[in-house]
Amino acid sequence: MPTALPKRFLTGLAALAAGAALARPAEAHPHVWVTTKAEIAYGEGGRVTGIRNAWTFDASYSAFVVQGLDTNGDGVFSPDELSSLARENTANLAEFGYFTKLKVAGKEQLFADPTEPRMAMADGKLTLTFLLPLKAPVAQGRGVTAVEVYDPTYFVAFGLSDEADAARLTGAPAGCAASLTRPKPDAGKTADGRTPDGKTADAKPGLSEAFFEALTASANYGSQFANRIIVACP
């Protein structure tokens with residue numbers, strides 16, 4: 001990862017994630033909380049064509065990242081005012097694999113460049129949406145499609161939305177259905193007692209500052225907080 005934060009992207013999610021390698025290791029527990037939704041898109045012949053992510057950031061991060069973007073001073077952050085930030089954030093997330101993994105019939109798929117990046121502000125929270133097309137559409141057949149969204153360093157904590165549209169299928173063959181798997185409520189609580197959704201709770205034994213000092217991205221610690229969407233077709 002880079003050894004210095006990009007100046008323009010200092011207010012971007014990718015730079016914050018990169019910061020996990022720069023800040024004191026003891027600070028490697030989550031600094032940003034994201035509520036996620038995912039739409040799995042199918043095309044001709046029932047092939048999986050991509051994933052549309054929708055990520056809603058916590059209020060503190062949202063307020064931080066939009067500083068200086070209300071160019072007309074009306075107190076409202078319009079999609080036009082946020083468009084540049086949406087493009088930069090989405091493009092720079094490539095370094096982190098867009099925090100998204102897609103497997104079809106057990107084989108991990110490769111993404112092409114993201115498209116349709118957009119941002120919107122509502123109720124003090126910023127939502128980023130973007131489409132991750134596959135480099136090559138792939139037939140699911142009777143196999144299983146699995147989507148995971150997580151940060152391996154656990155610098156950013158992703159949590160699936162509780163809303164009914166947390167996982168959607170568009171154009172899927174008849175009979176396909178999605179199920180959700182969330183991390184266990186007590187999985188990997190941090191030393192400051194926060195759970196993956198940012199709520200305060202009793203700290204999990206063993207997750208001391210020393211633990212985070214030894215944590216690296218290659219340890220893939222954040223995988224235990226992965227939110228999984230499983231799609232099965234008849």
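Around CZ of R168, the count of heavy atoms belonging to other residues, nucleotides or ligands within 6.0 Å does not exceed 12. Residue N72 qualifies as enclosed at atom CG: its count of foreign heavy atoms under 6.0 Å is above 12.
When atom types are taken as modelled, the side chain of Q67 and the backbone of F64 share a donor-acceptor pair closer than 3.5 angstrom. A donor-acceptor contact shorter than 3.5 Å links the side chain of N227 to the backbone of F158. Judged by distance alone, the side chain of Q140 and the main-chain N or O of V231 form a donor-acceptor pair under 3.5 Å. A donor-acceptor pair under 3.5 Å links the side-chain atoms of E81 to the main chain of T71, judged by distance alone. With hydrogens and angles ignored, the 3.5 Å screen pairs a side-chain donor or acceptor of S62 with a backbone N or O of L126.
To the nearest 0.5 angstrom, C233 atom SG is 7.5 Å from L169 atom CG. For the atom pair S78 OG and M119 CE, the distance stands at 13.0 Å (nearest 0.5 Å). Atom-to-atom distance recorded for D162:CG and K37:NZ is 10.5 Å, nearest 0.5 angstrom.
At a threshold of 4.5 Å between non-hydrogen side-chain atoms, the residues L102 and L132 do not count as touching. Considering only heavy atoms from C-beta on, Y42 comes within 4.5 Å of I40 through its side chain.
In terms of heavy atoms, I229 sits closest to A178 at CG2-CB, 4.2 Å. Contact record, L160 with T181: CD1-O, 4.4 Å, taken as the closest heavy-atom pair. Between P173 and G46, the closest heavy-atom pair is CG-CA, 3.8 Å. In terms of heavy-atom proximity, V66 sits nearest to F77 at O-CE2, 3.3 Å. Between I51 and A38 the shortest heavy-atom distance is CG2-CB, 4.2 Å. Between P114 and P133 the shortest heavy-atom distance is CA-CD, 4.1 Å.
Using cut-offs of 30° and 60° on the angle between ring planes, the pair F99 and W55 is tilted.
Hydrophobic cluster membership differs between L85 and L131, with clusters built from Ile, Leu, Val, Met, Phe, Trp and Tyr side chains linked at under 4.5 angstrom. One hydrophobic cluster, built from ILVMFWY side chains closer than 4.5 Å, cannot hold both V147 and Y150; they sit in different ones. One hydrophobic cluster, built from ILVMFWY side chains closer than 4.5 Å, holds both Y61 and Y98. Under a hydrophobic-cluster definition in which Ile, Leu, Val, Met, Phe, Trp and Tyr are linked whenever side-chain heavy atoms come within less than 4.5 Å, directly or via other members, F111 and V138 are assigned to the same cluster. Side-chain heavy atoms closer than 4.5 Å link hydrophobic residues (I, L, V, M, F, W, Y) into clusters, and following such links, possibly through other members, connects L69 to F130.
Residues satisfying the side chain to side chain contact (heavy atoms under 4.5 Å, CB included) test with T129, not counting sequence neighbours, are A54, R118, T127.
The salt bridge (Lys or Arg N to Asp or Glu O under 4.0 Å) analysis of residues 97-114, with sequence neighbours excluded, yields the pairs K101-E108. Sequence neighbours left out, the pairs with a member in residues 44-54 that pass side-chain hydrogen bond (donor to acceptor under 3.5 Å, both in side chains) are R52-E116, N53-T100.
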From CA spacing to verdict: side-chain contact (heavy atoms from CB on, under 4.5 Å), F57, V32:
CA-CA 7 Å; F57 301 98; V32 182; 4.2 Å; yes
